[in-house]
*Asks:* 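Below is a structure I'd like to ask you about.
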Protein chains: 2
Amino acid sequence: MAFDLPETTYAVLGLLDKRPASGYDLAAFADRSLGYFWPISRTLVYRELARLESLGWVGSEPVPQDRLPDKRVWSTTEDGRGALASWLAQPAVAGGADRNGFLVKFFFGARMSQEAMRTLLDDYRESLEATRADLAALIEHLARIPDARMGRLSARHGLLTAEARLGWIDEVTAELAAPSHPRTSDTDPDGAFAADRHAVSVRTRQRFGHR
Amino acid sequence: MAFDLPETTYAVLGLLDKRPASGYDLAAFADRSLGYFWPISRTLVYRELARLESLGWVGSEPVPQDRLPDKRVWSTTEDGRGALASWLAQPAVAGGADRNGFLVKFFFGARMSQEAMRTLLDDYRESLEATRADLAALIEHLARIPDARMGRLSARHGLLTAEARLGWIDEVTAELAAPSHPRTSDTDPDGAFAADRHAVSVRTRQRFGHR
DNA sequence: AAGCCCATGTAATGAGTTACATGATTCG
DNA sequence: CGAATCATGTAACTCATTACATGGGCTT
């Protein structure tokens with residue numbers, strides 16, 4: 001079996017397994033669910049559907065519509081459901097890279113003006129609050145649907161993450177408002193985020209080690 | 001000014017601005033710092049260095065070594081520091097996609113066996129605990145270095161995130177151990193994570209809306 | 001003797017984003 | 001009458017990963 005397909009392929013397969021849908025429909029649905037932790041762009045959906053079809057894991061039938069454009073409705077095949085089950089039985093890939101566009105700037109904050117730093121934090125807070133509100137509404141909605149358990153719990157994962165980060169913003173705001181040292185000199189060559197060599201455990205070995 | 005360069009380019013520039021380093025050295029350093037929220041593979045570092053050099057933002061000088069291979073030590077130029085400052089003054093790109101390789105499987109958990117689900121959760125807990133331990137050690141270390149403030153706070157962002165997620169695992173474990181409904185039937189076509197159309201606010205509009 | 005650390009790269013591959021193209025219908 | 005929704009794609013691009021290549025020195 002081919003397990004070396006991207007996660008996204010299986011994600012599309014899994015969504016179709018929940019309920020048959022057109023490409024457009026699936027993309028919209030993904031955006032309101034999986035998209036919070038695994039974004040799938042609309043165009044990518046069409047490519048994945050083509051791939052899944054060539055694998056024989058999904059099939060489609062045309063559905064004519066009156067006032068709306070005709071569409072193709074996709075659903076999983078027996079093989080597709082088997083492939084999904086195999087994938088689910090396999091352990092998850094480690095990490096998957098938490099890229100955080102905010103932190104990559106914040107990290108270099110010593111070089112920023114106070115005003116720029118405040119804007120950066122404000123923007124981050126705003127986006128986290130929007131996520132929190134979205135997810136809170138979603139969770140409340142899903143609590144009324146008995147079979148939406150996994151979805152509700154996934155959303156809660158996002159909610160708790162957002163709340164923890166909002167708490168972090170409060171901490172940071174407080175600390176940056178009351179500087180313990182007169183001013184951060186930005187000439188110290190060791191003023192950096194990094195452990196001593198010996199203090200590093202798993203990560204470095206994973207990434208730099210040969211396999 | 002060219003702001004349409006990838007974040008990674010600026011990340012490498014920023015790291016070199018903290019302290020000059022060889023490519024190899026920078027990659028190792030990145031792995032112990034930025035890598036927690038913005039992974040940069042070793043080979044990519046060399047490519048970014050080449051790009052930065054062609055932009056005139058960094059320069060290098062050869063450093064011969066006795067027992068070790070000779071190396072090139074890179075540092076930022078005046079132009080490079082200017083470009084970094086401009087980038088930092090610019091607002092951060094929204095989101096940056098939190099891809100979570102665990103959640104993308106968990107989301108389809110209704111199709112999994114109880115045992116597979118337990119393994120999945122155990123693996124996730126293990127990796128979160130490793131991250132937590134790493135970051136806790138890092139933070140303690142950095143607390144002793146006065147100028148490592150931003151690094152320490154960035155690490156704390158990761159620590160709080162990991163802790164929130166560990167808490168989530170406890171919640172989930174408890175809920176899945178005591179099923180409120182006799183069994184999740186996996187035939188309900190609407191058993192899904194998704195809000196009603198009207199319940200969706202910012203996200204959908206951002207993603208599906210024209211700009 | 002095996003394997004890791006330092007050190008620098010090239011080549012191939014592919015996943016994912018963005019721009020572009022088209023067109024009917026419906027809502028404010 | 002402009003904008004949004006539904007609907008399906010193609011084309012170009014590029015970031016990022018993985019595999020490959022090389023080689024001396026040090027440790028177990």
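Throughout, protein chains are lettered first and strands after them, A, B, ... in sequence-line order, and every chain is numbered starting at 1.
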*Asks:* Measure the distance from CZ on B:Arg72 to C1' on C:dC6 and round it to the nearest whole Å.
*Replies:* 16 Å

*Asks:* Is the distance from the ring center of A:Phe102 to that of A:Trp168 below 6.0 Å?
*Replies:* yes

*Asks:* Would you say B:Asn100 and A:Tyr36 are linked by a side-chain donor-acceptor pair, where the criterion is simply a distance under 3.5 Å?
*Replies:*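 Not at all, the side chains of A:Tyr36 and B:Asn100 share no donor-acceptor pair under 3.5 Å.
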
*Asks:* Any side-chain N or O of B:Thr8 less than 4.0 Å from the OP1 or OP2 oxygen of D:dA16?
*Replies:*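 True: B:Thr8 side-chain N/O within range (under 4.0 Å) of D:dA16 OP1/OP2.
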
*Asks:* Name the residue closer to the 5' end of DNA chain C, choosing between B:Leu68 and A:Arg47 according to the nucleotide with the nearest heavy atom.
*Replies:*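 Between the two, 5'-proximity favours B:Leu68.
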
*Asks:* Across the strands shown, which category fits A:Thr43 at heavy-atom distances under 4.0 angstrom: base, sugar-phosphate, nothing?
*Replies:* base

*Asks:* How long is the line joining CZ of B:Phe29 and C1' of C:dA7, in whole Å?
*Replies:*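 Distance, rounded to whole Å: 19 Å.
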
*Asks:* Whole angstrom is fine here: how far is it from CG in B:Asp70 over to P in D:dG23?
*Replies:*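 It is 15 Å, rounded to the nearest whole Å.
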
*Asks:* For C:dC6, does either OP1 or OP2 sit under 4.0 Å from a side-chain N or O belonging to B:Gln65?
*Replies:*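 Result: no.
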
*Asks:* What is the distance, rounded to the nearest whole Å, between atom CZ of B:Arg42 and atom C1' of D:dT22?
*Replies:*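 Result: 12 Å.
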
*Asks:* Do you see a donor-acceptor pair shorter than 3.5 Å between the side chains of A:Thr8 and A:Trp38?
*Replies:*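 On atom types as modelled, these side chains qualify, holding a pair under 3.5 Å.
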
*Asks:* What integer distance in Å separates A:Trp74:CH2 from D:dA7:P?
*Replies:*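 The distance from CH2 of A:Trp74 to P of D:dA7 comes to 15 Å, rounded to the nearest Å.
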
*Asks:* Over how many whole Å does the gap from A:Tyr24 atom OH to D:dT5 atom P extend?
*Replies:*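 For the pair A:Tyr24 OH and D:dT5 P, the rounded distance is 7 Å.
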
*Asks:* Can you tell me if A:Thr161 and B:Arg165 form a side-chain donor-acceptor pair at under 3.5 Å?
*Replies:* yes

*Asks:* Decide, yes or no, whether a salt bridge links B:Glu78 with B:Arg81 under the criterion of side-chain N to carboxylate O below 4.0 Å.
*Replies:* yes

*Asks:* Rounded to whole Å, please give me the gap between NZ in B:Lys71 and P in C:dG9.
*Replies:*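 It works out to 14 Å between those atoms.
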
*Asks:* Phosphate oxygens OP1/OP2 of D:dT17: is one of them under 4.0 Å from a side-chain N or O of B:Ser41?
*Replies:* yes

*Asks:* Relative to the 5' end of DNA chain C, which residue comes earlier, A:Arg51 or A:Arg67, by the nucleotide with the nearest heavy atom?
*Replies:* A:Arg51

*Asks:* Round to a whole Å and report the spacing from OH of A:Tyr46 to P of D:dA11.
*Replies:*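 Taking OH of A:Tyr46 and P of D:dA11, I get 16 Å after rounding.
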
